2 protein chains.
Amino acid sequence: MEARIEKIKQQLQSQGYKLTPQREATVRVLLENEEDHLSAEDVFMLVKDKAPEIGLATVYRTLELLSEMHVVEKLNFGDGVARYDLRTDSNKHHHHHLICVKCGSMSEILEDWLGPLEERLEKEYGFTVLDHRLDFQGICAKCRAKEAENSTDSSNEPA
Amino acid sequence: MEARIEKIKQQLQSQGYKLTPQREATVRVLLENEEDHLSAEDVFMLVKDKAPEIGLATVYRTLELLSEMHVVEKLNFGDGVARYDLRTDSNKHHHHHLICVKCGSMSEILEDWLGPLEERLEKEYGFTVLDHRLDFQGICAKCRAKEAENSTDSSNEPA
DNA sequence: CTAGTTGCAAATCCTTTGCAAACCT
DNA sequence: AGGTTTGCAAAGGATTTGCAACTAG
């Protein structure tokens with residue numbers, strides 16, 4: 001973990017930016033919550049534990065800076081808040097989301113199923129893919145099970 | 001076109017809603033701009049030509065209503081504004097976007113390349129797919145050509 | 001030192017909401 | 001006539017920005 005912070009520090013400094021305590025605290029929060037998709041507000045809450053005097057604006061500024069430097073990726077699901085993910089490596093972060101419209105849960109498929117499609121885009125459309133986002137909205141296994149037990153079966157064909 | 005409006009009118013009425021002149025004007029704007037992904041503000045501007053007295057709030061309310069009725073689809077790219085697309089049919093609207101990070105242009109691939117993936121999700125994850133969104137970010141053919149002519153070639157490997 | 005950075009509060013942007021008046025069916 | 005819908009303006013939530021004070025390198 002210290003190594004990753006050091007690396008980020010280098011990246012910042014190479015662009016003339018400083019790794020302030022606030023920024024370091026923010027990065028640590030992101031490192032400690034790599035599995036989640038934290039919103040700026042989430043990050044703010046968590047950072048305040050480490051550095052209570054930090055302001056929300058600073059968190060926003062830091063996240064934006066890190067985003068520009070491709071240290072984090074700014075994600076956007078349909079819920080009106082931006083979410084931030086630490087990038088695994090400096091380049092690709094290909095994963096897919098399964099968003100359940102019933103319970104709001106979100107899981108990930110980390111496999112990259114899109115390689116072949118990207119090749120087609122390159123060939124058929126002349127489009128160079130830098131990144132992609134694939135979100136599936138639907139009903140998760142858990143909610144489906146719940147539905148099945150509650151009502152015997154009366155949802156699919158109201159016609 | 002009149003037929004499609006009539007159909008939407010029916011849908012509204014079947015739920016106890018009315019097709020008011022403002023709503024009709026809004027739907028007409030959407031029909032006349034099916035190719036675009038209009039924001040609420042865009043729609044508002046265009047509707048004002050037909051019905052100058054309309055308010056922005058009404059446009060928002062209408063779009064939300066149409067969205068709930070699955071007449072339009074509310075799209076969300078990362079730019080802080082919701083965009084609205086008329087649905088081609090009442091159920092599936094599977095298309096993919098190619099968003100160019102250089103010029104901001106967006107084109108669509110209407111083919112549905114994801115059928116097989118959705119089957120895998122159903123089988124391997126027990127996840128029922130209702131809808132999906134696949135966005136590719138990258139560089140479009142036009143910008144790539146422009147890049148190639150401007151600089152001879154010096155962008156890929158800064159290391 | 002001194003340019004980059006911070007915290008606060010005010011400002012902005014998009015979207016939603018309260019309410020009385022106006023309207024469709 | 002009665003519930004819906006409208007327009008306005010004010011409220012709301014997320015994010016940004018101005019600015020004087022502060023600090024990392």
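Every value quoted in this text rests on a predicted model; they were computed, and no experiment measured them. Below, each value reflects all heavy atoms present in this structure, side chains not excepted, and no hydrogens, waters or symmetry copies.
- If you check the side chains of Gln15(B) and Gln11(B), you find no donor sitting under 3.5 Å from an acceptor.
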Check against side-chain contact (heavy atoms from CB on, under 4.5 Å), Val43(A) and Asn33(A): CA-CA 9 Å; Val43(A) 174; Asn33(A) 296 275; over 6 Å; no

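- Rounded to whole Å, atom P of dT15(D) lies 9 Å from atom CZ of Arg83(A).
- With a 4.5 Å cut-off on side-chain heavy atoms, Val72(B) and Asp85(B) do not count as touching.
- The interatomic distance linking Met45(B) (CE) with dC14(C) (C1') rounds to 13 Å, in whole Å.
- In the set dC8(C), dT15(D), dG3(D), dT15(D) carries the atom at the smallest distance from any side-chain atom of Val81(A).
- Contact check, Thr20(A) against dT5(C): no side-chain N or O comes under 4.0 Å of OP1 or OP2.
- Regarding Leu63(B), its CG atom lies at a distance of 15 Å from the P atom of dT17(C), rounded to whole Å.
- Note: CG (Leu65(A)) to C1' (dT6(C)) measures 14 Å, nearest angstrom.
- Among the atoms of the strands shown, only primed sugar atoms or phosphate atoms (P, OP1, OP2) are found under 4.0 Å from some heavy atom of Glu53(B).
- Distances shorter than 4.0 Å separate some side-chain N or O of Tyr60(B) from OP1 or OP2 on dT15(C).
- Comparing dT25(C), dT6(D), dA3(C) against the side chain of Lys18(A) picks out dA3(C) as the nearest.
- Looking at heavy-atom distances under 4.0 Å, Arg61(A) makes contact with a base.
- Heavy-atom distances to DNA chain C give each of Leu19(B) and Tyr17(A) a nearest nucleotide, and the one nearer the 5′ end belongs to Tyr17(A).
- Summarising the geometry, the separation between CG on Leu66(A) and P on dT15(D) is reported as 16 Å, rounded to the nearest angstrom.
- Put simply, Gln22(B) has no side-chain N or O that comes within less than 4.0 Å of OP1 or OP2 on dC24(C).
- The pair Glu2(B)-Arg28(B) counts as a salt bridge, with a side-chain nitrogen and a carboxylate oxygen less than 4.0 angstrom apart.
- A side chain to side chain contact (heavy atoms under 4.5 Å, CB included) with Arg83(A) holds for exactly one of Leu63(A), Leu38(A), Asp42(A); it is Asp42(A).
- For Ile54(B) and dC23(C), the CD1 to P distance is 14 Å, given to the nearest whole Å.
- In terms of position along DNA chain D, the nucleotide closest to Leu56(B) lies nearer the 5' end than the nucleotide closest to the other residue of the pair Leu56(B) and Leu56(A).
- Taking atom NZ of Lys9(B) as the reference point, atom P of dC24(C) lies 12 Å away to the nearest angstrom.
- Arg23(A) places its CZ atom 6 Å from the C1' atom of dT5(C), with the value rounded to the nearest Å.
- Glu64(B) comes within contact range of no nucleotide atom at all, as no heavy-atom separation falls under 4.0 Å.
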